[in-house]
Amino acid sequence: MSSFLTKRLTYMVIILLAASMMIFFLYAMTPGDFISGNLKLSPERKAELRGIYGLNKPILERYGNWLGNALHGNFGYSLAQQKPVLTLFNEYIWNSFLLAVVSTFLTWFIAVIIGVVAAYKQYSWFDTLVMVVIFAAMSVPSFFIGLYLIKIAAVDLKWLPPGGMLNTGSNATGMEYVKEVLQHMTLPVIVMTLLGLGSLTRYFRSNMIDVIQQDYIRTARAKGLKERKVLFTHALRNALLPAITLVGFELPALFGGSLIIEKIFNWPGIGQLYMQSFSLRDYPLLMGFTMLIAILSVIGTLLSDILYRIADPRVKV
Amino acid sequence: MKKRIILLSSLLLASSTLLAACSSGGSDSASDAASQNSDAAQTAATAQPLTSLVQASDLSKLPEVSQKRSDTIIVGLTDPAGVFTPYFNQSGYDGNVISQLWTPLVTVDEKGLPLPNLAKSWDISKDNLTYRFHLVPGTKFSDGSPLTAEDVAFTWTLIYDKAYPGDSQIRKLNIKGGKDYTEGKAKQIAGIKVIDEQTISATLEKPNALALPILGEYVLSKAYYGKDYKFGELDYFKNLHSSPLGNGAYKLEKFIPGQEVRLEANDYFFKGKPKTQHFIYKTAEGDAWQFIETGDTDFSQFTATQENIDKLKGLGFLNILPYTPSTYGYLQVNLENEKLKDKKVRQALTYGLDRKSIYVDAAQGAGAVANIPASPIFWSYTTDGINPYNYDPEQAKKLLDEAGWVEGSDGIREKNGQKLTIHLLTSKRPETDTFIALAAENYKAIGVDLQPEIFADFNAMVAKVEGKDYDLAAFSTGMLTDPSDGIEQFVNGEVKGYNNPKVKELYEKGLSTTNMEERKKIYQELYVLLNDELPVIFTNYKKTVYAYNGRMEHVKVSPFIGLSGNLFEWSLK
């Protein structure tokens, strides 16, 4: 195990280094920089400012500086917001995390149950209905569902707030605060869960169908085990194994924020921040964020590999 | 030219929540937009555009949340970043917040002309070089500390620091000795003199009609912002952006990133404590409609299309105020491109573009055709001697013939074996599709092949324009406060390849005097000249409406400085 880990960690470092180079050069070579968007500046002043912000230095030198600082945990200052990049992440990322964690949990929970039942009752009316609903949910764009829900639940019926995370001007604390946040996150969580549900349910359903046709399930039944036990202990465990790989992919998504959902529901998350920073070419923030996602992806893959090894010792990674 | 990031973002997001960006100052007598608009209305020929304030028809329809608020006004703002220090903010949204936290020395009236504010009066020397300001005695910052001439001197000096990272216009004024200070040759700026606690003067190297509003901007407290000041090291400012110390109607209560900026009445505001205790800028990235409909915000801006106006009227609880921003739209022309160097081609492209259909009719009346670089609300606006370039394909064809472009076998004009193909860059906005479709059709009719390229990303489009890889590029200016702002781009090298000594001379002349009648004549001459030469193709003026909670009283909005003008008087019925 330890040599496996050392090898994996070395790979990780190399991958991240390559990723950082790609990220930096891609951003630096995208047309337009932070200064060019400000048409108010004269050409001379633009040149001066590029000097002050260090944008006029050779690209390799800029990369070297950035990497050196990043290795010391310093991701620099956002150009647009004039704050340390890490402080900004801290201000926005947990809001995204909250939405993502709750909706991911709901998605998995519901998908497993529906998937198992649908597989067990394959081709029944329940299975058909589930498949139809799932295809419908998968094919409608998120912004449409989002806006439609806002129209119905917030504007017309006034059940839930149309957006944001708190009532404007609210000074709620304690339970009141929790209640407000819950109210505000209901709609976005519904949309995110609906969107994730489709593919995952189909995934579990087909895994489950494969598994319940296996010999050992027949053996389990032959032993006289209760059907519920056969399904949820013997079959589900094996059907879930391949899903461990998916867990790894969820990690960056938890912190990455969902741009469209955050925008529609005016949720103060990192996805929105990222998009705004992109249109302004706020390099330190863009690079810091992309690096963070890269790190999370690599860690996520590592985690899922380790988990897989623990769950199924036959697997050699 | 005052173009701000707020504008750029608006191009991208086409957000209707945009509020007027703060420009150079705040005002205590904002315009009566109703009277302003009558002029503008005449230039638009479609269905009856709104010309005066429409009162809410049924206040009982007001949503409960908004009915319950007693001491808070909430306004949507796209995306405040949290840099709440004047001269340092990178976005116009932060500028909006700053304009509530600070009040300037000099403000502007409804015509855009200077008015006393924190400076109760000023003297300008005979040679138009020295500006002496007399401050209102006894004014204070929001922590109760006094505001004096020393603070003003500190503020001006700071802008000349070599590490100053912002876009303040003060540097452009060339205060005497400013350059020496920037280069580290002098410990102080020779042209800035503190005469006594209430009096300060600045001497310029050459006259500039804009000196008054530019010098008359916000004042930073020296005791607070200058405590750690060392020449060439301004990094410490970054730690102060989130805890601003201003002297405006409101002070910062709390900034919740991505959610809202809470402001609280400033007890020390020199015109008296504001009538409403709390003012909140709610970050409203999404649809402005849902927030105004549910009563989550009290005030929003919309394009003045008939559809929007009808919908707003239908809600019943909103007052609707029509408004023409001080901006103008244009197609930048690549003048270094051989085929566009000929004035006749540019004129033909203007005659051949049905601007009324595109910018007025297709926008349901939310616009007017522009022919000069000044908005109809300007004191310098005129139609005297101005060619309106009414849509006239025949005239366009004639001009192209004269310029030597003859129709080829495929209907596209040619000259010296080159086809008259025009590459047009534009950014992605809701109205872009209409524009492209109509323009392509218009140009095809006169034998011009239009090749549009639509950018979702504004910076990328600017980079392409800077690389001169274009023929036409669609732009709009930011808020302009002075007639010279609209002309600056033809003089400072921004419109590349345009070098007309006459324009330069008139521009300088317009800035060297403060006599308005004289300036009016100069600008008229400039407008006629630019209208004939068309270094850019003028396209349109926008029309918008403000919609606000019918309970709000004493609301005035200045076309030049937005809400900040009389915010302290806003109250809830």
Side-chain angles (χ1 to χ4, degrees), chain A residues 30-45 48-49 52-53 77-84 87-88 91-92 95 146-147 150-151 154-156 158 161-171 262-270 272-273 275-276 278-282, chain B residues 1-5 7-9 12 63-65 69 72 74 79 81-83 88 90-91 162-165 167 171-172 237-238 241-242 256-260 262 278 280 282-287 289-291 293-294 296-297 457-464 466-467 475 477-478 492-494:
Chain A
T30 316
D33 60 20
F34 182 67
I35 310 292
S36 64
N38 191 345
L39 298 181
K40 190 181 158 191
L41 301 167
S42 64
E44 299 86 57
R45 183 66 184 149
E48 273 176 31
L49 283 180
I52 289 176
Y53 290 123
Y77 273 83
S78 151
L79 298 175
Q81 321 223 10
Q82 305 275 314
K83 268 187 208 176
T87 311
L88 276 168
E91 282 170 358
Y92 286 87
N95 300 338
L147 291 176
I150 290 176
K151 164 108 178 75
V155 177
D156 292 347
K158 300 190 172 43
M165 193 172 163
L166 284 176
N167 292 338
T168 312
S170 156
N171 284 314
E262 284 173 5
K263 198 157 186 142
I264 294 174
F265 291 99
N266 210 37
W267 189 264
I270 192 97
Q272 277 210 51
L273 179 73
M275 255 341 264
Q276 283 150 14
F278 186 79
S279 62
L280 295 173
R281 301 288 191 278
D282 192 345
Chain B
M1 174 137 318
K2 288 185 185 170
K3 294 177 198 163
R4 297 218 172 202
I5 292 178
L7 158 82
L8 314 182
S9 319
L12 292 166
E64 205 188 324
V65 265
R69 277 197 291 272
T72 308
I74 304 174
D79 178 32
V83 185
F88 283 79
Q90 299 290 341
S91 89
K162 71 169 183 197
Y164 168 68
D167 57 12
R171 269 202 195 187
K172 286 193 192 163
F237 262 89
K238 286 176 180 156
H241 294 323
S242 54
I256 313 176
Q259 300 187 57
E260 56 195 61
R262 294 183 190 171
H278 299 280
I280 297 177
K282 179 182 173 67
T283 302
E285 252 277 25
D287 189 357
W289 279 104
Q290 68 210 32
F291 292 116
E293 280 186 76
T294 53
D296 280 43
T297 56
D457 181 276
F458 189 80
N459 287 33
M461 172 170 150
V462 172
K464 192 146 183 174
E466 281 179 351
F475 281 108
T477 69
N492 70 355
E494 205 177 308

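Labels below follow one simple rule: chain letters A, B, ... track the order of the sequence lines, proteins then strands, and each chain is numbered from 1.
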Turns out that what part of B:Glu64 lies under 4.5 Å from chain A's heavy atoms comes down to neither
In Å, rounded to the nearest 0.5 Å, how long is the span from OG of A:Ser78 to NZ of B:Lys238? 9.5 Å
Top of B:Ile256, B:Val83, B:Thr72 for chain A proximity - count of heavy-atom pairs under 4.5 angstrom: B:Val83
On a heavy-atom basis, the closest approach of A:Ile52 and B:Lys162 is CD1-O, 3.6 Å
Rounded to the nearest 0.5 Å, what separation is found between the NZ atom of B:Lys282 and the CG atom of A:Asn167? 8.0 Å
All heavy atoms of B:Ala81 vs all of A:Ala80, minimum pair found to be CB-O, 4.2 Å
Once you round to the nearest 0.5 Å, how far does CD of A:Gln81 lie from CD of B:Gln90? 10.5 Å
At a heavy-atom separation under 4.5 Å, does B:Tyr164 approach chain A through its side chain, its backbone, both, or neither? both
Answer with side chain, backbone, both or neither: which region of B:Ala163 has an atom nearer than 4.5 Å to a non-hydrogen atom of chain A? backbone
Checking the side chain of B:Glu260 only, and the main-chain atoms of A:Gly169 only, is there a donor and an acceptor separated by less than 3.5 Å? yes
So which part of A:Glu48 gets closer than 4.5 Å to some heavy atom of chain B, the side chain, the backbone, both or neither? side chain
Output the option from A:Glu44, A:Lys158, A:Arg45, A:Lys83 having the highest count of non-hydrogen pairs under 4.5 Å with chain B. A:Arg45
Using heavy-atom distances under 4.5 Å, tell me whether A:Thr30 contacts chain B through its side chain, its backbone, both, or neither. neither
Is it the backbone or the side chain of A:Glu91 that comes under 4.5 Å from a heavy atom of chain B, or both, or neither? side chain
Among B:His278, B:Glu466, B:Met461, B:Lys464, which residue has the highest count of heavy-atom pairs closer than 4.5 Å to chain A? B:Glu466
Contacts of B:Thr294 that satisfy side-chain contact (heavy atoms from CB on, under 4.5 Å) - sequence neighbours left out: A:Val155, A:Pro162, B:Asp296
Rounded to the nearest 0.5 Å, how far does CD1 of B:Ile74 lie from OG1 of A:Thr168? 4.5 Å
Would you mind checking which part of B:Arg69 comes under 4.5 Å of any heavy atom in chain A, side chain (CB onward), backbone (N, CA, C, O), both or neither? neither
So, do A:Arg281 and B:Asp457 sit near enough that their side-chain heavy atoms are less than 4.5 Å apart? yes
Least distance between heavy atoms, A:Pro268 atom then B:Pro257 atom: CB-O, 3.9 Å
Minimum side-chain heavy-atom gap B:Thr283-A:Gln272 below 4.5 Å: no
Chain B contact via A:Leu88 - side chain, backbone, both or neither, heavy atoms under 4.5 Å: neither
List the atom of A:Leu41, the atom of B:Asp167, and the distance in Å for their closest heavy-atom pair. CD2-CB, 3.2 Å
Looking at B:Asn459 and A:Asp33, would you say the former's side chain and the latter's main chain have a donor-acceptor pair under 3.5 Å? yes
Quick one: list whatever passes ring pair (Phe, Tyr, Trp, His ring centres under 6.0 Å) with A:Tyr53, sequence neighbours left out. A:Phe34
